[in-house]
Structure formats: structure tokens, C-alpha cells
Asker: 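Take a look at this one; I'll ask things after.
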Protein chains: 2
Amino acid sequence: MTARTPSLTPTLTPGSVPAPARRPRADAVRNRALIVETARTVFTARGSDASLEEIARGAGVGIGTLYRHFPTRDDLVAAVFRERIDELQALGEQLLASDAPGEALATWLHEQLVQAATCRGLAAEAMLTMLGQHDEPSPCESMRQAGAALLARAQAAGDVREGVEIDDLVRMVQAVSLAAEESDDPGSAERLFGFLLDGVRAR
Amino acid sequence: MTARTPSLTPTLTPGSVPAPARRPRADAVRNRALIVETARTVFTARGSDASLEEIARGAGVGIGTLYRHFPTRDDLVAAVFRERIDELQALGEQLLASDAPGEALATWLHEQLVQAATCRGLAAEAMLTMLGQHDEPSPCESMRQAGAALLARAQAAGDVREGVEIDDLVRMVQAVSLAAEESDDPGSAERLFGFLLDGVRAR
DNA sequence: ACCTGAACACCGTTCAAGT
DNA sequence: ACCTGAACACCGTTCAAGT
């Protein structure tokens, strides 16, 4: 969000290495991990608008340290869900080996639904935000491509209709999760998910 | 949210009128309307987490006046969307006269989609919140019943499959709107809405 | 009865001073 | 290089004092 001063100065000599890639200090590594872990706990307990101060306090670090590692709130949220994104990517690549393309896609999307519910809907919000910024080769982008491959295969097999895009599907699953969250009916999410699948199925 | 002191004192005599139902002061009525109108404008411009102070300032009243009329933020949001809810109810009742039950439901749901996009997704959030609290005979509850009648008719005509509930449908439409909001593809909402309709159609 | 705005609490964010 | 926490800004919410 915040614009940073461009670091590319004209004094950069042609042969110079772009980034020194120093190894970070051990306490910094530990603090970073502690903050992420605490954030996960606090987000689960308090929801998406938990206080950053509470997270810093819980991790036993100063608020400045939290900001040093995660300049924006989104950066922290992204770090919290990084593992889940990687898991979804791995699952997607695994499912490409399945011999039932339609079912494989459904399984992957259902896992998206399960993940979306973590941290009281924060996971779903984070996913929607991340899907909006598919510029650089981010972990989310890799996950997206795994899903796209599953979808293409399901379409080629005639299981899913044409015109459906992977972003639509993933977005819809997050939306289903968000919409079902406030419902008093516990089966709501699964039922809505079923409608979604039926809607994209080839007929 | 905040618990209030119970006002029901034992001195209440059996024959006493429960509420005097006084006519409110003219300036109070005007202020209330001004606050709601300003809130709509500010929510549209700044999104769902607009400052209440800005709304009060824009309406030309003290912050205390805003709180007097709307004890919680949700109360103000509900007031902002009250008219839309009433419109949806009226439209639903009108559409019951149509001779194409499936199409009538689709038209009503599409109007839900259009409404959901107002105030940068705040309308969708508000609708989801309101659907969660269907206790008293609220305006939202009347709207819900109009939709339920449309759905029942579409199901009786064999246009929509059984097992679908009106809350599911309305929630899904809000979900579609929320999911499409952050997308860079402008046709996203309509495409997802189309999938939703196909998913609930009888086959 | 209603309005006002000062007062308090809480949180986000920055930054000078430390190690 | 990294950490700390005081300092500042901003907003939500309440309430005593006004009309």
C-alpha cells in the first residue's frame, strides 16, 4: 500500500550484485516466527481485527519489532497463511495424478473451503485480497496455477463447463465461506458449496 | 452489544400504557434524516469503515447526537439500507404476480445482486448480518418472506430444485458480490451469478 | 427532549535512543 | 542489524452541561 522511496540509485555499477543476501540474526529469525505463531493464535481467538499490540505483547516483543518484520497488517496476515497456501499448492499438484479430473477439482476446492474457515473468516478475506494482486510470482500465484491446471483438465475431460475461470471458482469458495459464517445453520457452507459445484458442472 | 439497565420497574401499574408514543421533536427528525443521508454518502466514498465522526461532521451535528439516534454502528448501517430492503420486499411481492416463477425468482435475486454492490460492499455485509438475526418481525424478515414465497412458487413449478432455502440463495448472492468486488474483471459478478442460478435450477 | 463537545480509552504508526 | 517503548495522531464512546 505505502509507496517506498526507489532504492535503485544511478551509482549502481554494472557488475555489482543486486542484493547482498546476508544471513539474518538468530534472534530476528526467532522473533519473526514467534510473531507469526502468536498472530495465528490471536486471530483465531479475536478475529480479523485483533490488535497488533496484543500480538506483539503475546509474542513478548516490542510493537516496533512487529512493524520492522511486517510493515503492513497485510504482510503479517500473508505470513500467517503462507503455509496453508503452500499446502493447497502441493495438494493441487498431487491431485493432478488422479484419474477422475472432475472429482480432483472438487476435492481441491473443498480443501479451499475448509481452509477458508480458519481464523474466523480472516483466511477467506486474505485469499480474496491475495487473488487481487497476481502481479509477481508469489506463493499464491503458484497455488493459483495448480488450481488452473486442475480446472483445465476437468474441462478437457468434459466434467466442468467452459467459460469458468479458476479465479472465479476460488473466489466463490471464499465467498461461500464468508456468507455461511454468520449463519446459525452449521450445514450452510457445505450446502452452498454443493450448489456451486452443480452450477459449474457440465450438463 | 452494550447491556442497558432494565427500565421495567415494579412501580409499573397494571393499567398503565406501556409507551407514551410521543411525537418526536422536529429538529430531531431532521437530524436523524440528515445523519442517514450523510452516512450513505460517506459510506459510498470511504467504504464500510468510514469514521462516525466524519459522518456527524458532514451532517452538521455533534457526535453525541449521532450516538443518541444510533446507539451502535449497526443501527446506523441498518437505517441506511432500510429503504433498499423495503424496495426488495415490494419487488418480491410484485413478482409473485408474474406467470414465469423461475424467471421471477431470478429477477428478484438479480436485484439483490445490484443492491449488494452499493456502498462498496457494505450493503452485502449488512445483509449478511441482518439475515443472521431473524428474531423479531424486522423489515428484513418481511423481505425474506417475500423471497421465500417466490422460491416456493418456483419450486412448485419445477423450475428450482428442492432442498434450496431462501437464506442460502440470498447469502450466496451477497457472497458473489463480495467475491467479485476485489476482482479486476468487471464481468465477474454477473458470471458468478449465472453459475449460481444454474446450480439451483432443476434438472 | 434533545444537542453539544470535552474527556477518556484504545489502537495504529513512527522514530530517537539503545544493544 | 535489530530491538524497544515513548510519543503522536486518530477514532470510538460516554457523559456532564447546556437549550
Side-chain angles (χ1 to χ4, degrees), chain A residues 1-5 7 17 19-39 41-43 45-80 122 125 129, chain B residues 1-5 7 17-39 42-43 45-80 122 125 129:
Chain A
M1 288 293 170
T2 50
R4 307 235 167 274
T5 337
S7 61
V17 183
R22 286 277 186 77
R23 155 200 291 220
R25 240 164 58 178
D27 58 341
V29 172
R30 202 185 36 217
N31 276 340
R32 209 196 117 97
L34 246 163
I35 291 167
V36 171
E37 204 175 328
T38 309
T41 310
V42 175
F43 281 143
R46 297 227 188 281
S48 60
D49 46 326
S51 149
L52 293 183
E53 208 134 358
E54 184 181 346
I55 293 171
R57 206 165 38 234
V61 301
I63 183 66
T65 302
L66 189 149
Y67 272 91
R68 165 168 263 266
H69 285 288
F70 307 101
T72 74
R73 193 186 184 88
D74 277 357
D75 290 330
L76 176 56
V77 171
V80 166
L122 180 56
E125 289 170 35
T129 303
Chain B
M1 289 293 170
T2 52
R4 305 236 168 275
T5 336
S7 60
V17 183
R22 286 279 186 75
R23 156 198 292 218
R25 241 164 58 178
D27 60 339
V29 173
R30 202 183 38 216
N31 276 338
R32 209 196 118 97
L34 246 163
I35 291 167
V36 172
E37 203 176 328
T38 309
V42 174
F43 282 142
R46 298 229 188 279
S48 61
D49 45 327
S51 150
L52 294 184
E53 209 135 359
E54 186 181 344
I55 293 171
R57 207 165 36 237
V61 300
I63 183 66
T65 302
L66 190 150
Y67 272 91
R68 164 167 263 265
H69 285 288
F70 308 101
T72 74
R73 193 185 183 87
D74 276 357
D75 290 331
L76 177 57
V77 171
V80 166
L122 180 56
E125 290 170 35
T129 303

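Just the heavy atoms: all of them, side chains too, but no hydrogens, waters or symmetry mates, feed the values below. Residue numbers begin at 1 in each chain, while the letters A, B, ... track the order of the sequences.
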Asker: Nearest heavy-atom pair of A:Ala50 and A:Phe43: which atoms, and what distance?
Answerer: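 What the structure gives for the nearest pair is CB-CD2, 4.0 Å.
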Asker: Which residues pass the side chain to side chain contact (heavy atoms under 4.5 Å, CB included) test with A:Ala56, not counting sequence neighbours?
Answerer: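 A:Val61, A:Ile63, A:Leu66.
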Asker: Please name all residues satisfying side-chain hydrogen bond (donor to acceptor under 3.5 Å, both in side chains) with A:Arg57, sequence neighbours left out, ordered by chain then number.
Answerer: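 In terms of side-chain hydrogen bond (donor to acceptor under 3.5 Å, both in side chains), with neighbours along the sequence ignored, A:Arg57 is linked to no residue.
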Asker: Name the closest nucleotide to the B:Thr65 side chain, picking from C:dT4, D:dC2, C:dC2.
Answerer: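 Between C:dT4, D:dC2, C:dC2, the one nearest the side chain of B:Thr65 would be C:dT4.
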Asker: Side chains of residues 27-34 of chain B: which donor-acceptor pairs under 3.5 Å do they make with residues two or more places apart or in other chains?
Answerer:
| residue | atom | partner | partner atom | Å |
| --- | --- | --- | --- | --- |
| B:Asp27 | OD1 | B:Arg25 | NE | 3.1 |
| B:Asp27 | OD2 | B:Arg25 | NH2 | 3.0 |
| B:Asn31 | ND2 | B:Asp27 | O | 3.4 |

Asker: Over all heavy atoms of both residues, which pair between B:Tyr67 and B:Leu52 is shortest? Give the atoms and the distance, please.
Answerer: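 For B:Tyr67 and B:Leu52, the tightest heavy-atom pair comes out as OH-CD1, 3.6 Å.
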Asker: Who are the side-chain hydrogen bond (donor to acceptor under 3.5 Å, both in side chains) partners of B:Glu37, not counting sequence neighbours?
Answerer: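 Here no residue qualifies.
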Asker: With Watson-Crick and G-U wobble geometry limited to distances under 3.5 Å, how should the secondary structure of DNA chain C be encoded in dot-bracket form, using | for bases paired to another strand and [ ] for crossing pairs?
Answerer: ||.|||||...|||||.||
Asker: How does protein contact run along nucleotides 8-13 of chain C, one letter per nucleotide 5' to 3', with B for base contact, S for sugar-phosphate only, - for none, heavy atoms under 4.0 Å?
Answerer: ---SBB
Asker: For the pair made of CG in B:Asp27 and P in C:dC3, what is the distance, rounded to whole Å?
Answerer: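 After rounding, the reported distance stands at 5 Å.
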Asker: Hey, is the side chain of B:Asn31 poking within less than 4.0 Å of OP1 or OP2 on C:dC3, counting only N and O atoms?
Answerer: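 Yes, because at least one side-chain N or O of B:Asn31 sits under 4.0 Å from OP1 or OP2 of C:dC3.
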Asker: Could you give the CZ-to-C1' distance, from A:Arg68 to D:dT4, as a whole number of Å?
Answerer: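 Going from CZ in A:Arg68 over to C1' in D:dT4 covers 12 Å.
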Asker: Rounded to whole angstrom units, what separation is found between the CG atom of B:Leu66 and the P atom of D:dT14?
Answerer: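 My rounded result for the distance is 12 Å.
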Asker: Which residues satisfy the side-chain hydrogen bond (donor to acceptor under 3.5 Å, both in side chains) test with A:Arg46, sequence neighbours excluded?
Answerer: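 Checked A:Arg46 against side-chain hydrogen bond (donor to acceptor under 3.5 Å, both in side chains); matches are A:Glu54.
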Asker: Just how far is it from atom CD1 of B:Ile55 to atom OG1 of B:Thr38, taken to the nearest 0.5 Å?
Answerer: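 The CD1 atom of B:Ile55 sits 8.0 Å away from the OG1 atom of B:Thr38.
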Asker: How many Å lie between CG on B:Leu34 and C1' on C:dC2, as a whole number?
Answerer: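 Rounded to whole Å, this separation is 15 Å.
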Asker: Who pairs with B:Arg73 by side-chain hydrogen bond (donor to acceptor under 3.5 Å, both in side chains), at least two apart in sequence or on another chain?
Answerer: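 B:Arg73: no side-chain hydrogen bond (donor to acceptor under 3.5 Å, both in side chains) contacts found.
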Asker: Just N and O in the side chain of A:His69: are any of them under 4.0 Å from OP1 or OP2 of D:dC2?
Answerer: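 For D:dC2, OP1/OP2 do not have a side-chain N/O of A:His69 under 4.0 Å.
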Asker: Can you tell me how far P of D:dC3 sits from CZ of A:Phe70, to the nearest Å?
Answerer: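 Answer to the nearest Å: 11 Å.
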